[in-house]
Amino acid sequence: MATNDNWRMETVAIHAGKEIDPTTGAVMPPLHLSTTYERKADGSYHNGYTYIRGDNPTRRSLEDALCALEGGVCAATFASGMAAIMTVFQALRPGDHVLIPDDIYFGTKVMIDKLFTPWGLSSERVDMTDLAAVAAAVRPNTKMLWIETPSNPLLKITDIAATAEIAHAAGAILACDSTWPSPALQQTLAQGADLAIHATTKYLGGHSDLLGGAVITRQNSPFFDTVRMIQQSGGAVPSPFDCWLLLRGIRTLPYRMRGHCENAQRLADYLSCHPKIEKVYYPGLPSHPGHAIAARQMSGYGGMLSIQLHEDGLRTGEQNARRMANRTKLFVQATSLGGVESLIEHRASIEGAVTNAPANLLRLSVGLEHPDDLIADLKQALTDEVRLE
Ligand SMILES: *Cc1c(COP(=O)(O)O)cnc(C)c1O
């Protein structure tokens, strides 16, 4: 279905990339598993599909839906968030220079160091919230600024419009990993970014049961043509079943995001007043250094928050953090984010040596359980009482 420019996010999420199936009248789209498509006597194909790696109807529906949600002209989907990120970096050339954030997602940092630096890419880490530092770091061969906002795990907020201006003045593109806000909370392309990148594994899927990634472009460009070429020739694409599951998740994205934001704000307010908590990182708190920018460029503050725990007479801050993560009953101690269920994790020990996360930090992916139940769980996990089990 062609989306209408006046539709709000809720309507777009439900109708984008969907049409009544012409052969059966099915209201919800079928799952197309065929790897190959018939060629007619004149050599042409029935609907332009030839072979599953190049394109297939389920993936096409997904890409149309993502494009509509993000307000782009084209989307390319991938087998994982990292495959999407890898493709964007592969579309650069050896000898190019990129600026990356100081608290870049650790998987992206590992990939740059282990794969792209030996391949000939040069990169420089900057604090993307310091615009003067960003402008000063740009070089004649800088081809891309890579940002992530809110960032992981410190929830730093980068001004998309301002960094886009710096990138464009230098003839570079701005690519933004928008996984954390999802298109429902942040219209990344409308604010000047050239590419929005998503680990669809997270909020877009929303149910912790699929792996995927996407790159959406604001305009057609030779750069995006290269992204498409790598997608189709390399084939790091999502299976039709994962595309179908992701489309199913997308239908409820705007409503899920409202619940995530509401719950996370309640928890951030609660934890900010708790004597065992040293610091809460959540852009919805007025004390957060990026609060004003987040209020302008996001329509909600998201479902992710990080906390640091105090040391006390009994334990170090790190010991208190690990104790809390071991004692929650509703929050599952596990990595990842964006699902309906709440998760808690000690980032430093997951990321290993490359981590930027303080040792006393826990990251919470706030799910859609009732907020009172979540608060009760955090409260009992933070008591000094020894639990008798
Ligand atoms: C999870 C995540 C990724 C990687 O996505 P995968 O689907 O796990 O490959 C990249 N960026 C951010 C911000 C993420 O949270």
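Order of appearance sets the numbers: ligands from 1, and atoms from 1 within every ligand. What you are looking at is a predicted structure, and each value in this text was computed from that prediction instead of being measured. These numbers come from the heavy atoms of this one structure, side chains and all, not from hydrogens, waters or symmetry mates. Nothing fancy with the numbering, it's 1 onward along the sequence.
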Could you work out, with side chain to side chain donor-acceptor pair (under 3.5 Å) as the rule, every residue matching Asp225, not counting sequence neighbours? none
Which protein residues have a heavy atom closer than 4.0 Å to any atom of ligand 1, listed by chain and number? Ser80, Gly81, Met82, Ile85, Tyr105, Asp177, Thr179, Trp180, Ala199, Thr201, Lys202, Leu211, Gly212, Leu337
Distance to the ring centre below 6.0 angstrom and angle to the axis at most 45 degrees; does that hold for Arg258 and Tyr255? yes
Among residues at least two apart in sequence or on other chains, which ones pass salt bridge (charged side-chain N to carboxylate O under 4.0 Å, His left out) with Asp103? none
Apart from Val134 itself, members of its ILVMFWY cluster (side-chain separation under 4.5 Å) are Leu99, Val126, Met128, Leu131, Val138, Leu145, Ile147, Ile160, Ile166, Leu174
Criterion side-chain hydrogen bond (donor to acceptor under 3.5 Å, both in side chains) on Asn360 and Glu318, from CA distance to verdict: CA-CA 4 Å; Asn360 65 341; Glu318 176 175 1; over 6 Å; no
Distance, nearest 0.5 Å, that separates CD of Glu148 from OG1 of Thr158: 8.5 Å
